Protein chains: 2
Amino acid sequence: MNLKQLSEKLSLSQTTVSRALNGYPEVAEETRRRVADAAKRFGYRPSPSARRLATGKAGMIGYVMPTGDAVHIDTHFIEFLSGIGDYARTHELDLALSPTNLDDEEATYRRLLAAHRVDAVYVSSPTTADWRIRLLEESGMPYIVHGRSEGHDFEFPFLDIDNEGAFHDAARLLLQLGHERIALLNGNEGQTFADHRERGMRKALAAHGLILPDRFVSRMTMTEENGYRAARRLLADSDRPTALICASLMQALGIMRAVGDLGLSIPDDLSLISHDDVFPFLKPEGFSTPLTTTCSPIRAAGERIAERLAARIAQTETGPVGEVWPVDLIVRGSVGRAPRKVTKQRLVSPA
Amino acid sequence: MNLKQLSEKLSLSQTTVSRALNGYPEVAEETRRRVADAAKRFGYRPSPSARRLATGKAGMIGYVMPTGDAVHIDTHFIEFLSGIGDYARTHELDLALSPTNLDDEEATYRRLLAAHRVDAVYVSSPTTADWRIRLLEESGMPYIVHGRSEGHDFEFPFLDIDNEGAFHDAARLLLQLGHERIALLNGNEGQTFADHRERGMRKALAAHGLILPDRFVSRMTMTEENGYRAARRLLADSDRPTALICASLMQALGIMRAVGDLGLSIPDDLSLISHDDVFPFLKPEGFSTPLTTTCSPIRAAGERIAERLAARIAQTETGPVGEVWPVDLIVRGSVGRAPRKVTKQRLVSPA
DNA sequence: AAAGCTTTCCAAAGCGCTTTGGCTGCCGCA
DNA sequence: TGCGGCAGCCAAAGCGCTTTGGAAAGCTTT
């Protein structure tokens, strides 16, 4: 059933039916209702291709997906993608992926921009002075950055969470509980969000007259394995930290394994706070010791980005709009008062 | 630059130019060359939307991507997707993802089929008597299954690797090296590829008059963690296996960690063979003990599936074509002769 | 040399939608 | 009574491509 047939059934012109369906003002309310009814009854679905041809929009949002050597396949990616998809599928949008290996990334972007097959693009995991942002800014293609990037001489539209505030609050909580040796297991070098988190934590410490010693902060790809390693190293020290803040649940899992191996316990020997991007397959409240987290659903962010991209395509949103989402600190069983003292005995006790 | 403009520049009709570009026969070779030249020179790119409207094809291949509770985010997924994308981007195809949570999966499929927005679909990780295959078969939508599914009363097009042969060969190699206690760390219940692998291994053992005892085979989601756990359990046994075959590199990593923790060594105490789907970020030849693998690049499979889907859309390929790729057994340092005997001492030696 | 093929090209009709530029009544106003 | 204004509708012109149904020109055949 197409527009023409539908309009004939209604004894209306295609123009009117089209306008009724798309919410244009110059159509009587009563008519609009009739049209909407009929459309539903006959199961009318406008053809995307026709619409795209007529409007000149591709109806797609694009993402350049790096794959290849040295690319850490990110668990966040799919979850975020799902959020985008949630919005996309209900709004006549499609999500087109352009895989690329890291070497070709710039070429892939340029091709994407030139080929005019997508209406908007989003950029994830921006690094400092990310060249992709500059490229997009110059191209005129609507885009949104998920996260922030520093070191540009222009503003750009982004959606980010308040990483600094989140880790500030997390650290402050631990300080209030009497912890003074707090370590940070952070994301990789160059990732803006990791910089922000570290900054937030340092500020909280500074407010208590403390600093974050180098040996208490490590940067890493956020895997279980790396979390385990870093925790083993940290906890083997004679003046080991009494609390840990980490940047992802994967790291938290590794940390908990390390803690178990060493015969320590959470929160008695170590308080632990993790950032949680809210994965459906991993719930910190279900851990054997429920985990305190700074929490921000990444899927919702994906959905919001899709929504804003749609707005930018429609020119409803313009300019370098920045959006920073607050992050909740959810206190659960994994934090407790700082232990009085670390006994020698415990330090060497085996698994 | 569109077709009309290009055809004017060439003093040809749109028809001829279109045909020349699309390889139709009724155009002189010389003309075709002129057209191709001009097209390149002016950077002409046909508009996908227009083409789609005219041909009635959506120009997209679809994938229903499960996300949500209990979905194990699969590392294979992105790599496979990349393969699809490699083909897609050079062939006027786009890859459209429809995320869904597991509960809605069937509804999502039905919507996808009804909405007519994709020309073909692929199905991954089929289970026994997979309902998705039946649904697609009945819908008339072109599709290909990546893997196989048993228990259907009809044939269907698929691309699979020779899992049975691969694990047969792997087991045979170990048997030839004198191993008699060989354990299998397999994928999850219900996954056809895992069934096939187990079958192959059993056949090889049977040919040597051996069987695979229940305690030597475990099914699991193929993660590092699960590999570690299973290996710890197996290797703690007094009559522990002298060789292990596992279904993914992730498991292999876990196994190697377990072996290290127990103070054992590969291949002296344990021979290890893993299946390798060839991830760019994980190379078994680079392991401290290079790993023997059964090897089949999953990205190439993605590419091939895209190619075949394109053929099915064009009706070049029809019918229940099945394609089974051979799997290479690549012998590296992680296999050796079976140890003479397992000493008591070793069995209890700590990390 | 006329008839019949081939080869090579073209004009024009869609594909299904959006959007421009009217056209019709009907109301209110002077 | 006449006229401008407005709400509500329509016809038709695209959007850029593919494809149908010729048609002209060149060759072969009888």
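Convention: sequence-line order gives letters A, B, ...; per-chain numbering from 1. Here the structure is a predicted model, which means the values were calculated and not measured.
Separating the CZ atom of A/Arg19 from the P atom of C/dG21 is a distance of 12 Å, rounded to the nearest angstrom. The distance from atom CZ of B/Arg51 to atom C1' of D/dC17 is 8 Å, rounded to the nearest whole Å. What separates CZ of A/Arg33 from P of D/dG8 is a distance of 13 Å, to the nearest Å. Put simply, CG on B/Leu21 is 10 Å from P on D/dC17, counting in whole angstrom units. Rounded to an integer number of Å, the gap from B/Leu3 CG to D/dC15 P is 13 Å. Here C/dG14 presents its P atom at 16 Å from CD of B/Gln14, a figure rounded to the nearest Å.
Taking only side-chain atoms of B/Thr16, from C-beta outward, the nucleotide of C/dC17, D/dT18, C/dC10 with the closest atom is C/dC10.
Applying the 4.0 Å criterion to OP1 and OP2 of C/dT19, one finds that A/Tyr24 has a side-chain N or O inside that range. At least one side-chain nitrogen or oxygen of A/Asn22 sits closer than 4.0 Å to the OP1 or OP2 atom of C/dT18. In this structure, B/Ser13 reaches the C/dC10 phosphate: one of its side-chain N or O atoms is under 4.0 Å from OP1 or OP2. Look at A/Ser18 and you'll find a side-chain N or O under 4.0 angstrom from OP1 or OP2 of C/dT18. Between D/dC9 and A/Thr31, a contact under 4.0 Å exists linking OP1 or OP2 to a side-chain N or O. The shortest distance between the side-chain N/O atoms of B/Thr15 and the OP1/OP2 oxygens of C/dC10 is not below 4.0 Å. A sub-4.0 Å separation between OP1 or OP2 of D/dG16 and a side-chain N or O of B/Ser47 is absent.
With respect to B/Arg134 and B/Glu138, a salt bridge is recorded, a charged nitrogen being found less than 4.0 Å from a carboxylate O. With respect to B/Arg32 and B/Glu29, a salt bridge is recorded, a charged nitrogen being found less than 4.0 Å from a carboxylate O. Salt bridge status for B/Glu106 with B/Arg110: present, with a side-chain N to carboxylate O gap under 4.0 Å.
For the helix from C/dA1-D/dT30 to C/dA30-D/dT1, the angle separating the two terminal helix axes comes to 50°, with each axis derived from five pairs and the value rounded to 10°.
Counting heavy-atom neighbours within 6.0 Å of B/Glu155 CD, excluding the residue itself, gives a total of 12 or less.
Under a 3.5 Å cut-off, the side chain of B/Thr100 and the backbone N or O of B/Pro66 do not form any donor-acceptor pair.
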